[in-house]
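Naming: A, B, ... by sequence-line order, numbering from 1 per chain. Computed from a predicted structure; not experimentally measured.
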Number of protein chains: 2
Amino acid sequence: MATIGEACGLIKGSIYHHFKSKEELALECLKYIHEYFNREIFSIAYTKQLSPKDKLILFTKKVEEYFMNSEGGCLLGNFALEISNNIPLFKNEIIEYFKNWEEAIYQILKPEIGEKQAKEKAMQIVSATQGSIMLMRIYGKPDPFKIQNKAIIDFLP
Amino acid sequence: MATIGEACGLIKGSIYHHFKSKEELALECLKYIHEYFNREIFSIAYTKQLSPKDKLILFTKKVEEYFMNSEGGCLLGNFALEISNNIPLFKNEIIEYFKNWEEAIYQILKPEIGEKQAKEKAMQIVSATQGSIMLMRIYGKPDPFKIQNKAIIDFLP
DNA sequence: CCATTTACCAAACGGGAGTTTGGCATAGTA
DNA sequence: TACTATGCCAAACTCCCGTTTGGTAAATGG
């Protein structure tokens, strides 16, 4: 809380005039990011103007931009591995986030490769993206993430 | 420390007769797991008796067995996303673990698809495995992990 | 068999992190 | 102007967690 306060130009106690607990603040962060992804990235899958290939390219580009400019990797992924099991509200938010991600890719791929294939591939792409973000952080260089994104785009002819 | 003690039939203070700090204990855990993977799984890549395809099948099977029977996902992956940046010794151990993993798969794939391709593919397989373990935990069902493992095996003809 | 080490417990210690309290400005409102 | 609400700070509070201490009993070993 002290660190968060500092980033806001406040001391830790002052935060409690805006959020009633640290947990509530954290949940609002998860929601905020989830909504951002829904609005700016996942929505690409549901626009009618683009071809599946172009959707996939744009989608992947937006994801790459986002995580190349974020310091700590994927916040929802991090939360998933840490504390979500102990806090049902967190867990629910995280599950919905990843379901939305998968569903978006599924919608992009379905017209090209069919429902069953698209379902599996969507899951794999989300997995691979998350894993490559992890590796990017571990190694301290963007190669794993960028190579992975390239492979995603190349998946559609 | 209280929880760890309990699991050992001790109280938390007693642990300090075996490890000088929590950090040392954690590092020993990382080393222990790293060594286990080196000995039982990564070594498969360097045995001479099997074909690349059979190596990949066995390797993937061992990885699957391990993580299907582990409760908290991949410990080194979790550490990677949490605290490694603050503790250089942890970070180093984690980097080596993932490098060894990648290198093992690289060695398996190289004879079949060449050095450059094998390098990229190895990185992707490690990424995808870690990500699918994460998704398995989030969703509370093994599907993402198992589907991913199947895809790894099917990669070699 | 005595001396020393080892393994352990019970209790206390110390610091840190989230939270609460009370007061002081400033802004808005009647 | 007076009243109220808001935003914030400084300080205290509380609980938890890693760690330390002192003492006891078993194990080791010369």
Side-chain angles (χ1 to χ4, degrees), chain A residues 1-37 70-97 133-134 137-138 140, chain B residues 1-37 70-97 133-134 137-138 140:
Chain A
M1 295 300 276
T3 309
I4 292 169
E6 197 181 346
C8 305
L10 302 175
I11 65 170
K12 58 181 181 176
S14 305
I15 299 173
Y16 288 83
H17 288 267
H18 304 275
F19 302 92
K20 80 171 205 292
S21 68
K22 187 187 182 187
E23 190 174 318
E24 186 192 284
L25 188 159
L27 186 57
E28 290 303 316
C29 291
L30 294 186
K31 283 185 186 171
Y32 177 84
I33 294 172
H34 186 177
E35 279 165 20
Y36 176 88
F37 271 80
S70 91
E71 292 226 343
C74 177
L75 184 69
L76 279 94
N78 299 354
F79 268 53
L81 294 187
E82 274 185 58
I83 36 77
S84 69
N85 285 332
N86 308 324
I87 306 174
L89 270 153
F90 285 13
K91 187 168 182 99
N92 192 56
E93 192 65 29
I94 292 164
I95 288 178
E96 287 306 312
Y97 171 76
I133 292 169
M134 180 193 280
R137 282 200 63 200
I138 292 169
Chain B
M1 295 300 274
T3 309
I4 294 169
E6 196 181 347
C8 305
L10 301 175
I11 65 170
K12 57 181 180 175
S14 305
I15 298 173
Y16 288 82
H17 289 267
H18 304 275
F19 302 91
K20 81 172 206 292
S21 68
K22 187 187 181 186
E23 192 175 316
E24 186 191 284
L25 188 159
L27 186 58
E28 289 304 316
C29 292
L30 295 186
K31 283 185 186 171
Y32 176 85
I33 294 171
H34 186 178
E35 279 165 21
Y36 176 88
F37 271 80
S70 90
E71 292 226 342
C74 178
L75 184 69
L76 279 93
N78 298 355
F79 268 53
L81 294 186
E82 274 186 57
I83 36 79
S84 69
N85 284 332
N86 307 323
I87 305 174
L89 270 152
F90 284 13
K91 187 169 183 99
N92 192 56
E93 191 66 29
I94 292 164
I95 288 178
E96 288 306 311
Y97 170 76
I133 292 168
M134 180 194 280
R137 281 199 63 201
I138 293 169

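- OP1 and OP2 of C/dC9 both lie 4.0 Å or more from every side-chain N or O belonging to B/His17.
- Nucleotide D/dG7 holds its C1' atom 6 Å from the NE2 atom of A/His18, rounded to whole Å.
- Between the CD1 atom of B/Ile11 and the P atom of C/dA12 there is a distance of 13 Å, rounded to whole Å.
- Between B/Ser14 and C/dA7, a side-chain N or O to OP1/OP2 separation shorter than 4.0 Å is absent.
- For the pair B/Asn78/B/Arg137, a side-chain contact is recorded, criterion being any heavy-atom separation below 4.5 Å from C-beta on.
- The closest side-chain heavy-atom distance from B/Cys29 to B/Phe79 is not below 4.5 Å.
- Rounded to a whole Å, the NZ atom of B/Lys22 is 13 Å from the C1' atom of C/dG16.
- Side-chain polar atoms of B/His34 and B/Glu93 form a donor-acceptor pair below 3.5 angstrom.
- Interatomic distance, SG of A/Cys8 versus NE2 of A/His18, reported as 8.0 Å (0.5 Å rounding).
- B/Tyr16 places its OH atom 12 Å from the P atom of D/dC17, with the value rounded to the nearest Å.
- Within 4.0 Å of B/Gly5, counting heavy atoms only, lies no atom of the nucleic acid at all.
- Atom CD of A/Glu6 is separated from atom C1' of D/dA10 by 17 Å (rounded to the nearest Å).
- At whole-Å resolution of the value, CD1 in A/Ile15 and P in D/dA10 are 14 Å apart.
- Checked against C/dC9, C/dT19, D/dT19, the side chain of B/Leu10 finds its nearest nucleotide in C/dC9.
- When the C1' atom of C/dG18 is taken as reference, atom CZ of A/Phe19 falls 15 Å away, rounded to whole Å.
- The NZ atom of A/Lys12 sits 10 Å away from the P atom of C/dG16 (whole-angstrom rounding).
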